[in-house]
Amino acid sequence: QVQLVESGGGSVQPGGSLRLSCAASGSRLDSYLIGWFRQAPGKGREGISCISSSDGSTVYTDSAKGRFTVSRDNDKNTVYLQMNSLKPEDTAVYFCAAGLWVGEIAMMPGASFFVSWGQGTQVTVSS
């Protein structure tokens, strides 16, 4: 089973950018869908985006459209989430997760689809 480790979180001012990384080990990502989720204090886990490692197709939820970009580097077995124009409401712990999938993805699966989760990385957007 694949193991995931997120990195790249931190504190930024509104309007700033961060790039999160999700490094995988134990298995190649070629047959996985990688999803990004976040959880703010007192709120449930929210899906943001996902990418099919097999064909690179992506899905963004409304929270991410136009500001976040998900990408993959299969050689490095790593998925990235580039976050631009960050807002205070983006403050949360961000998680990546993996679920078995090959082919195009057209919609963001729910959290129950994903079988492996990273430990999360904190993103704080504040002036």
- salt bridge (charged side-chain N to carboxylate O under 4.0 Å, His left out) contacts in which one or both residues fall within residues 95-120, not counting sequence neighbours: none
- Within residues 116-127 or reaching into it, pairs that qualify as salt bridge (charged side-chain N to carboxylate O under 4.0 Å, His left out) - sequence neighbours excluded: none
Please set out all donor-acceptor pairs under 3.5 angstrom arising from side-chain atoms of residues 3-16, sequence neighbours excluded.
{"unit_1": "Gln3", "atom_1": "NE2", "unit_2": "Gln1", "atom_2": "O", "d": "2.5"}
{"unit_1": "Glu6", "atom_1": "OE1", "unit_2": "Gln119", "atom_2": "N", "d": "2.9"}
{"unit_1": "Glu6", "atom_1": "OE1", "unit_2": "Gly120", "atom_2": "N", "d": "2.8"}
{"unit_1": "Glu6", "atom_1": "OE2", "unit_2": "Cys96", "atom_2": "N", "d": "2.8"}
{"unit_1": "Glu6", "atom_1": "OE2", "unit_2": "Gly120", "atom_2": "N", "d": "3.3"}

State which residues pass salt bridge (Lys or Arg N to Asp or Glu O under 4.0 Å) with [X]; sequence neighbours excluded, sorted by chain then number.
X     : answer
Asp62 : Lys65
Arg19 : none
Glu46 : Arg38

Supply the atom-to-atom distance [X] [atom1] to [Y] [atom2], rounded to the nearest 0.5 angstrom.
X     : Y     : atom1 : atom2 : value
Asn84 : Thr69 : CG    : OG1   : 6.5 Å
Met83 : Tyr94 : CE    : OH    : 5.0 Å
Ser49 : Ile34 : OG    : CD1   : 11.5 Å

Taking [Y] as the starting point, is it possible to reach [X] by hopping between hydrophobic residues whose side chains are less than 4.5 Å apart?
X      : Y      : result
Trp36  : Leu100 : yes
Phe113 : Phe95  : yes
Leu20  : Leu33  : no

- Summary of disulfide bond (SG atoms under 2.5 Å apart) pairs that have at least one residue in residues 98-127, sequence neighbours excluded: none
- Task: List for me each residue that meets ring pair (Phe, Tyr, Trp, His ring centres under 6.0 Å) alongside Phe114, sequence neighbours excluded, and say none if there are none.
- Result: Phe37
Identify, with sequence neighbours excluded, every residue that meets side-chain contact (heavy atoms from CB on, under 4.5 Å) alongside [X].
X     : value
Asn74 : Arg28, Asp30, Ser53, Arg72
Ser71 : Tyr80
Val59 : Cys50, Ile105, Met108
Thr58 : Ile51, Tyr60, Val70

- Determine, stepwise, if the pair Val123 / Thr91 fulfils side chain to side chain contact (heavy atoms under 4.5 Å, CB included). CA-CA 5 Å; Val123 171; Thr91 295; 5.9 Å; no
Testing the basics here: between [X] and [Y], what is the closest heavy-atom pair and its distance to 0.1 Å?
X      : Y      : answer
Gln122 : Thr124 : NE2-OG1, 3.3 Å
Ser27  : Asn77  : O-ND2, 3.0 Å
Ala92  : Ala40  : CB-N, 3.8 Å

- Message: Val102 vs Tyr32, test: side chain to side chain contact (heavy atoms under 4.5 Å, CB included). Steps then yes/no.
- Response: CA-CA 7 Å; Val102 176; Tyr32 285 90; over 6 Å; no
- Message: Evaluate Arg67 against Asp90 for side chain to side chain contact (heavy atoms under 4.5 Å, CB included), listing each step before the verdict.
- Response: CA-CA 11 Å; Arg67 298 188 299 129; Asp90 294 318; 2.7 Å; yes
- Message: Pair Leu86, Phe68 - check side chain to side chain contact (heavy atoms under 4.5 Å, CB included), show working.
- Response: CA-CA 9 Å; Leu86 284 163; Phe68 296 179; 4.0 Å; yes
- Thr78 side chain vs Lys76 backbone, donor-acceptor pair below 3.5 Å: yes
